Protein chains: 2
Amino acid sequence: MEQTQNIGSFLINAGIRPSFQRIKIYEYLIIRKNHPTVEMIYKDLNSYIPTLSKTTVYNTLKLFVDKGITQIITIEDNETRYDPDISTHGHFKCTNCGKIFDFSFDNKNLNIKQIENFEIKQTHLYIKGICENCKRKIIIK
Amino acid sequence: MEQTQNIGSFLINAGIRPSFQRIKIYEYLIIRKNHPTVEMIYKDLNSYIPTLSKTTVYNTLKLFVDKGITQIITIEDNETRYDPDISTHGHFKCTNCGKIFDFSFDNKNLNIKQIENFEIKQTHLYIKGICENCKRKIIIK
DNA sequence: TCCATATCTGTAATCATTTCAATTGTAAAA
DNA sequence: TTTTACAATTGAAATGATTACAGATATGGA
Ligand SMILES: [Mn+2]
Ligand SMILES: [Mn+2]
Ligand SMILES: [Zn+2]
Ligand SMILES: [Zn+2]
């Protein structure tokens with residue numbers, strides 16, 4: 001609730017007018033940390049903001065990405081996900097439970113020969129597999 | 001042309017009946033090395049195989065992926081691309097010319113934290129930026 | 001308050017992908 | 001060789017995600 005104040009000024013700082021919908025969508029990203037799809041955001045917020053339009057969710061996320069306060073995560077080709085953490089970090093998707101985990105990695109000492117003279121703007125590392133929790137469950141079965 | 005023989009037996013080996021369309025699509029992937037979209041494959045092959053259906057391209061790529069002889073590359077959320085090189089390797093996409101470059105990297109150098117006990121099945125490293133060629137062109141302007 | 005502009009909304013259009021049923025091709029049995 | 005069963009291909013229709021658009025609503029300053 002009081003978060004609204006912080007988020008409001010954060011959006012202003014990013015050059016975004018802090019409308020009610022924009023604040024709630026950004027707040028959703030920050031609080032849930034779930035790398036959601038548009039559908040997830042829309043469904044979850046719709047119970048709280050019944051007048052919300054899915055178009056607004058699309059528009060708002062596009063704005064966030066354009067203004068550089070959100071990044072697109074494309075681990076699967078059939079679902080676009082969004083992440084308010086714009087730092088370079090990795091994503092692990094569990095193919096069993098579907099959860100997405102953040103992790104850190106070094107990209108400094110990669111010194112890749114084939115693209116030495118290329119100008120790097122974004123680095124995305126995606127790993128798929130089985131999370132620790134699911135591994136345990138599967139062993140028990 | 002004589003490739004057909006090799007590709008045919010390669011497909012058989014992978015448990016895939018080597019139909020004319022399947023051979024041509026796999027041959028396309030191998031020869032072009034362009035990480036194409038379905039649309040690219042369809043358009044390029046259609047002039048050579050006028051009866052080709054886009055559905056066949058979809059079906060065939062799905063089959064290749066299921067049988068493990070092709071991997072899906074999702075650098076952008078709005079274009080699914082295909083790669084017959086199923087080894088773990090990185091992809092660089094130039095945001096200027098759109099070209100996709102392969103590069104090799106060593107997982108060990110990534111020094112990944114937080115997912116030590118997770119079971120890794122696939123690793124995808126995608127980098128976006130400007131390729132060497134485009135960098136030169138842009139400087140000249 | 002009033003006005004100009006930005007934002008939001010719902011619907012329609014677009015585009016990629018999947019589903020489906022009919023047709024065609026293939027490979028082995030008769 | 002002909003028949004037969006099954007696999008692959010095809011094109012049309014359905015689905016689902018995203019975008020375009022135009023009208024309604026909200027906002028902030030004169
Ligand atoms: Mn993240
Ligand atoms: Mn590749
Ligand atoms: Zn899991
Ligand atoms: Zn380039």
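What you are looking at is a predicted structure, and each value in this text was computed from that prediction instead of being measured. Chain naming here is simple, since letters A, B, ... match the order of the sequence lines and numbering starts at 1 in each.
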Under 4.0 Å between a side-chain N or O of [X] and OP1 or OP2 of [N]?
{"X": "A:Tyr58", "N": "D:dT18", "result": "yes"}
{"X": "B:Ser53", "N": "D:dT9", "result": "no"}
{"X": "B:Thr56", "N": "D:dA8", "result": "no"}

Give [X] one of three labels, base, sugar-phosphate or nothing, depending on what nucleic acid heavy atoms sit under 4.0 Å from its own.
{"X": "B:Ser19", "result": "sugar-phosphate"}
{"X": "A:Gln21", "result": "sugar-phosphate"}
{"X": "A:Glu79", "result": "nothing"}

Rounded distance in Å - [atom1] ([X]) to [atom2] ([N]):
{"X": "A:Lys43", "N": "D:dA17", "atom1": "NZ", "atom2": "C1'", "value": "14 Å"}
{"X": "B:Ile49", "N": "D:dA8", "atom1": "CD1", "atom2": "C1'", "value": "14 Å"}
{"X": "A:Arg17", "N": "D:dA26", "atom1": "CZ", "atom2": "C1'", "value": "9 Å"}
{"X": "A:Lys54", "N": "D:dT18", "atom1": "NZ", "atom2": "C1'", "value": "10 Å"}
{"X": "A:Ile12", "N": "D:dT27", "atom1": "CD1", "atom2": "P", "value": "14 Å"}

Residues in salt bridge (Lys or Arg N to Asp or Glu O under 4.0 Å) with [X], at least two apart?
{"X": "B:Arg22", "value": "none"}
{"X": "A:Lys128", "value": "A:Glu76"}
{"X": "A:Asp102", "value": "none"}

Item to check | Which residue lies more 5' along DNA chain D, comparing A:Phe20 with B:Leu52 via nearest heavy atoms | outcome: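 Closer to the 5' end of DNA chain D: B:Leu52.
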Checklist entry - Which residues satisfy the side chain to side chain contact (heavy atoms under 4.5 Å, CB included) test with B:Asn34, sequence neighbours excluded? => result B:Tyr28, B:Arg32, B:Pro36, B:Met40
Next on the checklist: Within the structure provided, determine whether B:Thr74 and A:Tyr126 are in side-chain contact (heavy-atom separation under 4.5 Å).
Outcome noted: no
Checklist entry - Quick one: are B:Val57 and B:Leu45 in side-chain contact, heavy atoms under 4.5 Å? => result no
Checklist entry - Is the gap between the ring centers of B:Phe101 and A:Phe118 under 6.0 Å? => result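 Yes, the ring centres sit under 6.0 Å apart.
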Next on the checklist: Please identify the 5'-most and 3'-most nucleotides of DNA chain C with any atom under 4.0 angstrom from a heavy atom of chain A.
Outcome noted: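 The footprint of chain A covers C:dA6 to C:dT11.
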Item to check | Side-chain (B:Thr123) to main-chain (A:Ile127) donor-acceptor, under 3.5 angstrom | outcome: no
Item to check | Residue-level proximity of residues 59-73 of chain B to DNA chain D when a heavy atom falls under 4.0 Å | outcome: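 B:Asn59 - these, ordered by number, are the residues of the stretch whose heavy atoms sit under 4.0 Å from the strand.
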Item to check | No-hydrogen, no-angle side-chain donor-acceptor test under 3.5 Å, A:Thr80 and B:Asp77 | outcome: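 Yes.
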